[in-house]
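These numbers come from a predicted model, not from an experiment.
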Amino acid sequence: MNKEELLNGLNEKQKEAVRYLDGPLLILAGAGSGKTRVLTHRIGYLIESGVAPWNILAITFTNKAAGEMRDRVDGLLMARTAQQVFVSTFHSMCVRLLRYDIDRLGYQKDFTIYDTDDQRTLVRSCIKALGLDNKMYRDRAVLSIISSAKNEMTDAESYTDSASDFYERNVAKIYTEYERQLKASNALDFDDLLIKTVQLFRRFPDVLEKWQERFRYIMVDEYQDTNNVQFEIVRMLADKYRNLCVVGDDDQSIYKFRGANIENILSFERTFPGAKVIKLEQNYRSTRSILNAANQVIRNNKGRKEKELWTENEEGELPVYREYETAAQEADRIIRQASEAAAGGRSLKSQAILYRTNAQSRLLEEKCIERNIPYIIVGGVNFYQRKEIKDIISYLRVISNDVDDLACQRVINVPKRGIGQTTVNRVTAFAVQNNISFYAALTRPENIPGIGSAAKKIRTFTDLIEEFRRRIREGGTDLRGLIEAVRDETGYAEELKKEDAVTAETRLENIEEMINKAVSFEADRAARLGIEAVLPEPGTDEIFTAEENGEDLLEEFLEELSLVADIDRTNDTDDVLTMMTLHSAKGLEFDTVYLCGMEDGLFPSAASINAEDPEAEIEEERRLCYVGFTRARKWLNLSSAKERMVNGETRYMKVSRFIDELPDDAAEKHFRSKRNAGESFRGFGGYEGRMEHSLGSTSFGSSYGSSYASSYGGRDDFGSRPGDREAYNAYNGFSSRMIGNFGSLDRTPVRSGRGSKGAKGLSGLSGISKGFGNAGGAVKQKPDYGPGDRVLHIKFGTGTVEEVKEGAKDYEVTVDFDTAGRKRMFAGFAKLKKV
DNA sequence: CTCCTTTGTCTTTTT
DNA sequence: GACAAAGGAG
């Protein structure tokens, strides 16, 4: 596309942003204002203006955003040109840079990246090694202190100097030990990836200059979410040419908890004098009603950049808010509503359910399974954090990096080889004493005092590892072969099969999926190397010389695994209902959005309400709410429940203040309690609101049952057993509510005893179907069972197949379940297991 | 050394 | 209610 074409169809502001190429530029882009379009067209415009594609750096926050941007650039330019633009996340970019020069900081170039789990394990072992009480020093708490310190670029030494009390002095010791062990394992944590890059730039100006020359035009997406270290990286890189374009929206800053500093965007003009500011305020996504509601909520925040989003889109329907009695009812209604909408022509994939916390997904998932609705849960338990996947990855890490002690300790006895804690402790002691790595100690077990017969078992392990190393080094295997070897030759698969059949099979399927991932990674990599082969080496005019060897392949694969989140794996071809947290939803859009759990203490979170500075934290929650509202194109459904199980205890919830902040004419509100129709919750401020609320609910079952039903088209199942419910409320509800109201308000626990083990949770059973379990099933496949066969369903248990019928999209199966009765379901989604 | 039971913590969000 | 860590029995 030429320059002219790149400007076609853009509004004046957008055009201005695309054309403004040199010098600092801040684009304040409201939700749905065509931000990605502007960014990608700007890249195209730069290239059309004669800038070499490899001189352009575009930084995003997620791999998904990076991929999307790359695809869109692809659509504008010649494929080859597009691929030479460096589009990347902060973290991956830093890894790339560090792989070149980190040896100058005393690391080996094949460093490993420790994820959150690894970090916790490491911190715990530091606490133990220092002889500190792990009740006093909790790994999570310590880790968050360390992480914030790192985000302020405070290293262990200066943290120690500034430690003022006993606790901090011990944390300082842990921090120091943590850093020492990381270094010894040639490992970096997430924060290090950024920090080491800054250090490298500061201490080696030639390195910095090399990259400044390479990245003459820099663009940063979601700039409001950058933290101090990321800011510093950008500042330094842009320092020479000052061609920095940042895009962001202060109203969508939602990552303060992980160090994002909203000041970065608020003070951009001060930091980069002479910066041009362009505001994109026209929204192309949502109806006027939805936008109005979003604006009404966000206007309650102070200290934002002045702007108001507007649209030429039609008015549309008012957002609807509904209050439900329990979280289960809320979930059930939403799922039903979504499936009815789907039946009425709105596809499932055009709808999304958003919530504040991952824990809320469980109920929704359960209802989907009950109603046989294909769904996808984005985020939550990360695929790569599952036991079997982490086990395999740990093997790969040991194979790739022989000083990765953590990975080694994880798999030394997986599958069980009779190497227990005692032996591990002895090996560790020996390694520490001789200042060698854990693995190195394993290679000479006969030197370890008191090791006895364990030496032979250790030998079995190291022999295996050495063999795997030999194969990959000599190119005797590809990734697929290596993973299969780890799975089969270590006895891992065999041990898995000793678990119950369903779990074992799912775990094996997950490993299979990981193999698929490896195969496509290898293919992509080959293509990428081809492209890079024509790029000039940074700092020189020479061409990259990509040396092909198996060890690099493995390292790169591991790197990819440690930097991708589950969200990157979404696939939009299947017609499935999407569920995710508000955070994950940023940057996405759907025709219909259900935003559930609109309750004070959940959203805004209790933590924000009780924070030292509630004002500020609630503002962040409000921005999150704004993000949620603005995901919707046409229909926005808000809901809350009065009763919800949180942390294993039933809590009585108050309607979210964000609902109160919505004027009555901005949304159609339906409350459960007996209250004049249309009357909002305003006026019931503070905690008295809950009192009113509770009293209102005593009239349950009778007055409200019927009136409510009518608003729902008469298909209300709430009042199905009013007697039961009333009794329950009178007994259970009343007492808890009293506690709730007169005690310490919202958070008073109503302790329920440890429940029976019988009702195992959905995720406990599956642990696995969550996420991407091929819900929706892209390909129709004949089931391996037929009438008369006994099958197992994840929720309904065992049953007998009555009929298998071929449908248009999938096979339809009728099963008579032993306890749940007769159900009809799609085979692809139900994932029945023959037993 | 392994398996099983008990206890404690967690929930804010994620690269 | 789920999960991980610690504790205890064989």
Side-chain angles (χ1 to χ4, degrees), chain A residues 59-66 88-95 113 115-117 120-121 124 128 134-135 138-141 144 147 151 189-194 222 225-227 229-230 254-260 354-363 378-382 385 387 413 416-424 453-454 457 562-568 580-586 597 601-611 617 620-621 623-624 627-628 644-651 747 749 752-765 767:
Chain A
I59 303 176
T60 62
F61 269 80
T62 63
N63 293 293
K64 178 158 198 253
S88 157
T89 65
F90 268 107
H91 293 267
S92 342
M93 176 188 76
C94 289
V95 172
I113 301 165
D115 69 13
T116 317
D117 278 352
R120 284 186 65 189
T121 314
R124 218 175 296 128
K128 207 171 146 193
N134 65 359
K135 295 230 161 81
R138 313 217 143 274
D139 50 11
R140 279 167 154 269
S144 101
S147 182
N151 279 326
D189 65 21
F190 278 128
D191 299 320
D192 284 343
L193 295 177
L194 307 170
E222 307 281 13
D225 286 328
T226 48
N227 66 28
V229 190
Q230 289 163 333
I254 55 173
Y255 283 108
K256 191 172 158 216
F257 72 93
R258 68 171 194 217
L354 309 182
Y355 36 77
R356 179 66 238 266
T357 66
N358 276 311
Q360 290 168 257
S361 66
R362 171 114 59 68
L363 273 177
V378 179
V381 183
N382 191 324
Q385 307 211 19
K387 270 190 205 70
N413 198 31
K416 293 186 187 68
R417 299 186 175 88
I419 303 173
Q421 198 53 56
T422 323
T423 307
V424 171
S453 62
K457 298 169 185 164
S562 55
L563 292 175
V564 294
D566 249 3
I567 188 160
D568 307 328
M580 66 183 121
T581 63
L582 288 158
H583 282 88
S584 302
K586 189 157 72 136
L602 184 64
F603 189 34
S605 73
S608 66
I609 297 172
N610 302 319
E617 306 241 345
E620 172 133 329
E621 299 279 311
R623 290 192 291 269
L624 196 51
V627 167
R644 178 183 302 273
M645 182 89 94
V646 184
N647 284 1
E649 71 197 25
T650 302
R651 291 209 204 149
R747 284 154 294 105
S752 46
R754 255 171 209 282
S756 69
K757 285 265 155 117
K760 251 225 151 155
L762 196 54
S763 310
L765 218 166

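Nucleic acid contact for A:S605: base, since at least one base atom lies under 4.0 Å from a heavy atom of the residue. If you check every strand for non-hydrogen atoms under 4.0 Å, A:E621 touches a base. Residue A:T422 is classed as a sugar-phosphate contact, given heavy-atom separations below 4.0 Å to backbone atoms only. Residue A:S92 is out of contact with every strand shown, counting any heavy-atom pair closer than 4.0 Å.
If you take CG of A:D117 and P of C:dA4, they are 9 Å apart, rounded to a whole angstrom. Following rounding to the nearest Å, A:K64 (NZ) and B:dT14 (C1') show an atom-to-atom distance of 15 Å. Here B:dT14 presents its P atom at 10 Å from CG of A:L624, a figure rounded to the nearest Å. Rounded to whole angstrom, the span from the CD atom of A:Q360 across to the P atom of B:dC10 amounts to 19 Å. Between A:Q421 atom CD and C:dA5 atom C1' there is a gap of 12 Å when expressed in whole angstrom units. Put simply, CZ on A:R138 is 5 Å from P on B:dT9, counting in whole angstrom units. Look at CG on A:N610: it is 13 Å from C1' on B:dT12, rounded to the nearest Å. One can place CG of A:L582 at 14 Å from C1' of B:dT14, the figure rounded to the nearest angstrom.
In this view, A:E617 satisfies the side chain to side chain donor-acceptor pair (under 3.5 Å) rule with no residue, not counting sequence neighbours. For A:F190, the ring-ring contact (aromatic ring centres under 6.0 Å, His included) partners two or more places apart in sequence, or in a different chain, are A:H91. When the side chain to side chain donor-acceptor pair (under 3.5 Å) test is applied to A:T60, no partner is found at least two apart in sequence or on another chain. In this structure A:T121 satisfies the side chain to side chain donor-acceptor pair (under 3.5 Å) test with no other residue, sequence neighbours excluded. With sequence neighbours excluded, no residue forms a ring-ring contact (aromatic ring centres under 6.0 Å, His included) with A:Y355. Among residues two or more places apart in sequence or in another chain, the side chain to side chain donor-acceptor pair (under 3.5 Å) test is passed with A:K457 by none. Remark: A:R417 pairs with A:Y395, A:N413, A:P415, A:I419, A:F461, A:L464, A:T490 by the side chain to side chain contact (heavy atoms under 4.5 Å, CB included) rule, at least two apart or across chains.
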Listed pairs, N/O of protein and of nucleotides 6-10 of chain C, under 3.5 Å:
{"from": "C:dA6", "atom 1": "OP1", "to": "A:N134", "atom 2": "ND2", "distance (Å)": "3.0"}

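Applying the 4.0 Å criterion to OP1 and OP2 of B:dT15, one finds that A:N227 has every side-chain N and O outside that range. Using a 4.0 Å cut-off, no side-chain N or O of A:S584 falls inside it from OP1 or OP2 of B:dT13. Of the side-chain N and O atoms in A:K256, none sit less than 4.0 angstrom from OP1 or OP2 of B:dT13.
Residues A:T62 and A:A65 come closest through the heavy atom pair OG1-N, 2.9 Å. When all heavy atoms of A:N151 and A:G259 are compared, the pair lying nearest together is ND2-CA, 4.2 Å.
Taking only distance into account, the side chain of A:R356 meets the base of B:dT12 through a donor-acceptor pair shorter than 3.5 Å.
Projected onto DNA chain B by closest heavy-atom contact, A:I254 and A:A454 fall at different nucleotides, the more 5' of which corresponds to A:A454. Both A:H583 and A:K416 sit near DNA chain B, but only A:K416 has its closest nucleotide nearer the 5' end.
Under the 4.5 Å side-chain criterion, counting only non-hydrogen atoms from C-beta, A:P604 is in contact with A:I609.
Here A:F257 counts as stacked on B:dT13: its ring centre is under 5.5 angstrom from the base ring centre and the planes meet at under 30°.
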- Stepwise, does the side chain to side chain contact (heavy atoms under 4.5 Å, CB included) test hold for A:L194 with A:N227? CA-CA 10 Å; A:L194 307 170; A:N227 66 28; 4.1 Å; yes
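For A:T581, counting side-chain heavy atoms from C-beta on, the closest listed nucleotide (C:dG1, B:dT15, B:dT14) is B:dT14. Listed nucleotides B:dT2, B:dC10, C:dA2 differ in distance to A:N413; the shortest reach to its side chain belongs to B:dT2. Here the nucleotide nearest the side chain of A:N647, chosen from B:dC10, B:dT12, B:dT14, is B:dC10.
One P atom belongs to C:dA4, the other to B:dT13, and the distance between them is 15 Å to the nearest Å.
Stem analysis of DNA chain B (at least three stacked-register Watson-Crick or G-U pairs, each with both distances under 3.5 Å) gives B:1-10 with C:1-10.
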